[in-house]
Number of protein chains: 2
Amino acid sequence: MVSIKDVAKKAGVSVGVVSKAFNNYPDVGKETRKRIMDIAQELDYSPNRIARNLSSKKNSAISLISSGFEENDQKDNNSFELFKGIYFGSQQLNLDFSIYFTDSFKQQEQSYVQFCRERNIGGAILQGIKLDDPFFKEMVDTNVPCVLIDVVMDEPQSCVGSVTIQNRKATEDLTAYLIERGHRDIAIMAGTKEAYVNEERLKGVQDALLKHGLTFEDKMLFYADFDDQQAYEKAKTYLKTHRPTAFVCLSDLMAYGVMKAAQELGLSVPEDVSVVGFDNSMIAGMTTPTITTIAQDFFEMGRQSALLLNRIVNGESKENEIYLNYELLERESVQDFTNSDRKEHES
Amino acid sequence: MVSIKDVAKKAGVSVGVVSKAFNNYPDVGKETRKRIMDIAQELDYSPNRIARNLSSKKNSAISLISSGFEENDQKDNNSFELFKGIYFGSQQLNLDFSIYFTDSFKQQEQSYVQFCRERNIGGAILQGIKLDDPFFKEMVDTNVPCVLIDVVMDEPQSCVGSVTIQNRKATEDLTAYLIERGHRDIAIMAGTKEAYVNEERLKGVQDALLKHGLTFEDKMLFYADFDDQQAYEKAKTYLKTHRPTAFVCLSDLMAYGVMKAAQELGLSVPEDVSVVGFDNSMIAGMTTPTITTIAQDFFEMGRQSALLLNRIVNGESKENEIYLNYELLERESVQDFTNSDRKEHES
DNA sequence: CTGTTAGCGCGTTCAA
DNA sequence: TTGAACGCGCTAACAG
């Protein structure tokens, strides 16, 4: 392995100068620098980042700590998009990026700070963690810079940032969209009770309902753990005895489950029952009918997280909460009662 | 940051002993070892892997080098499964795992060996690369251990392994499945010409056709780049003037595209045209009808890759080519002409 | 069994 | 502008 010594020797200078040349120090002779660089190229040398980190004490590495990804994401590529976004963000910043998946089924999980310490990781992006996770608390206590995906802390911490969309506003828009099209009898397929996004999205639905003078009834609220199968089962049971005009589903996967239940019962979507989803997962555009949903850009979310984390690490962050744009994507799964032939005219 | 010195000092021993204690050297007093471990725990110390790697010169890290993932995988989570498999495999071996995504659109890509050298990476798993990739050649020339996903080299190299399924056999089975059910007029939706898996799968289709006395006609072969949209367009054009009884698609995504085309033309699947796919992507079970396909376990593929790579790195690999099992998954997208009511009876 | 020493490859003083 | 020396946190010889 060719090291800094080799190029120093060949260039007839000391290693210190080579190091400086590579780190853009100003006090290196122009002529010398060029010679060093040429020789480095010739020898196919590039500085070892491992050693560099160790020596400089600057940890130019960030990490994604992802919890509970196992359960749902097999059917979803949102996490992967997020992941890629983080990767590209860190590439952009020339940071090294490592990951740490942690799961409920793993018996002896390692503390997040320990994970970071062992690898000289300067900060982490946390996905899928719960706010009461003791390891997360340790991160905050130890002042390890964090960026949370889709979670916002009650009391802001200087070392903790958040990247998310306005989930509450998004479901309010989504529900209002249904109400404006004449829907009054709206059932809700929620995800996991404890999840932050679930709470937010649920509030949004409630907001819309109340604003339009409708009531939020517990009887019409179901929890399906963001899982299509569970959504399918709950919807099927419910639809056997009730006939809401629409389902607001807090994820596309669950929307798929609901549509399947409806269709198996001989109901057609959206004529007999409308369905809306959330996320714009890949499947949302592939089902029959395609699902009207809230589109969010997970890749961008990941990228922004990396950038924000880097700012926090460097103490140059002014605003620790980033809200990304979302978009209501109109597709085929909603019936418009107010003007059923408008669609025809418009297209 | 608490380092090895701190625990050495507190334990009243030298750093050497602490190091040995942590690396399970036999020549450490039982009593001393316990004291050291206790103090380490108390101080919340764990060895820094960065420094450890640097010092030991053992690079306990592997990497996934993934090329061209950008194009199709947005719609597919196979890559993510693979990725998770590799992660779990490396976890199992207590290796550090890093990734390197590279893309056609990235102008100045970094050489793979350089990437590895900078990070003390002992070997890499390569996905989506082409055999004539100069960077890959460099890896082989430099003797960097590699494991190829879904590609098998013509001439085996001691430092190169492969993990894949018998793609050729799989499509042969798949095509035979159609033929046995009375299909004779079979169109083929292939992926990308240059891709290794594409070639293999194509050969398999041909094998089945020839074995059953059918001919392989170029007129019925289409290339859609593993993309659903392209498959949709090609199928639509073709179906306007021809009526094959079945489409063999070399990926589920393309199968989806073909089904969509057929359905938009008023044909029903499988009554008017049967469709089979490949991969058992998540969508294969969610379309209407669900897609009969070849299921392969990408997670396991990733995990096996990590294990194999580790063996190659340590020079303990006997067999460098691993063929995983696949399974023909019967679902709803195929019409059985020979015995149309058998299904009823069986279920 | 334990302590000492010399690096690993590099960044960063401080002199020169 | 350059070189020598030290240290990052750790492992691995080699003494003792």
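Residue numbers begin at 1 in each chain, while the letters A, B, ... track the order of the sequences. Heavy atoms only: backbone and side chains are in, while hydrogens, waters and symmetry mates are out. Because the structure is predicted, anything quoted here is derived from the model rather than measured.
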### Message
Taking side-chain hydrogen bond (donor to acceptor under 3.5 Å, both in side chains) as the definition, give me every residue that meets it alongside A:Thr164, ordered by chain and number, with sequence neighbours left out.
### Response
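Result, side-chain hydrogen bond (donor to acceptor under 3.5 Å, both in side chains) vs A:Thr164: A:Asp150, A:Asn167.
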### Summary
Those residues at least two apart in sequence (or on a different chain) that pass side-chain hydrogen bond (donor to acceptor under 3.5 Å, both in side chains) with A:Glu138 are A:Ser111
### Query
Mind checking what makes ring-ring contact (aromatic ring centres under 6.0 Å, His included) contact with A:Phe298, not counting sequence neighbours?
none
Whole-Å distance separating the [atom1] atom of [X] from the [atom2] atom of [N]:
X        : N      : atom1 : atom2 : value
B:Leu54  : D:dC8  : CG    : P     : 14 Å
A:Asn120 : C:dC10 : CG    : C1'   : 13 Å
B:Arg35  : C:dT2  : CZ    : C1'   : 11 Å
A:Ile36  : D:dG3  : CD1   : C1'   : 12 Å

### For A:Asn24, all residues meeting side-chain contact (heavy atoms from CB on, under 4.5 Å), sequence neighbours excluded
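A:Asn24: no side-chain contact (heavy atoms from CB on, under 4.5 Å) contacts found.
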### Query
What residues, two or more places apart in sequence or in another chain, satisfy side-chain contact (heavy atoms from CB on, under 4.5 Å) together with B:Glu316?
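Here the qualifying residues are B:Arg311, B:Asn314.
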### Task
Scan for salt bridge (charged side-chain N to carboxylate O under 4.0 Å, His left out) pairs involving residues 33-50 of chain A, sequence neighbours excluded, and state none if there are none.
A:Lys10-A:Glu42, A:Lys34-A:Asp38, A:Asp44-B:Arg117, A:Arg49-A:Asp96, A:Arg49-B:Glu118
### Pairs flagged by salt bridge (charged side-chain N to carboxylate O under 4.0 Å, His left out) wherever residues 14-25 of chain B is involved - sequence neighbours left out
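Only B:Lys20-B:Asp27 qualify under salt bridge (charged side-chain N to carboxylate O under 4.0 Å, His left out).
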### Message
More than 12 heavy atoms of other residues, nucleotides or ligands under 6.0 Å from CD of B:Gln92: yes or no?
### Response
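Yes, enclosed.
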## Note on the structure
Nucleotide by nucleotide, nucleotides 10-16 of chain D touches protein heavy atoms under 4.0 Å in the pattern (B base, S sugar-phosphate only, - none) BBB-B--
### Task
Rounding to 10 degrees, work out the angle separating the end axes of the helix from C:dC1-D:dG16 to C:dA16-D:dT1 (five pairs an end).
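If I round to tens, the end axes sit 40° apart.
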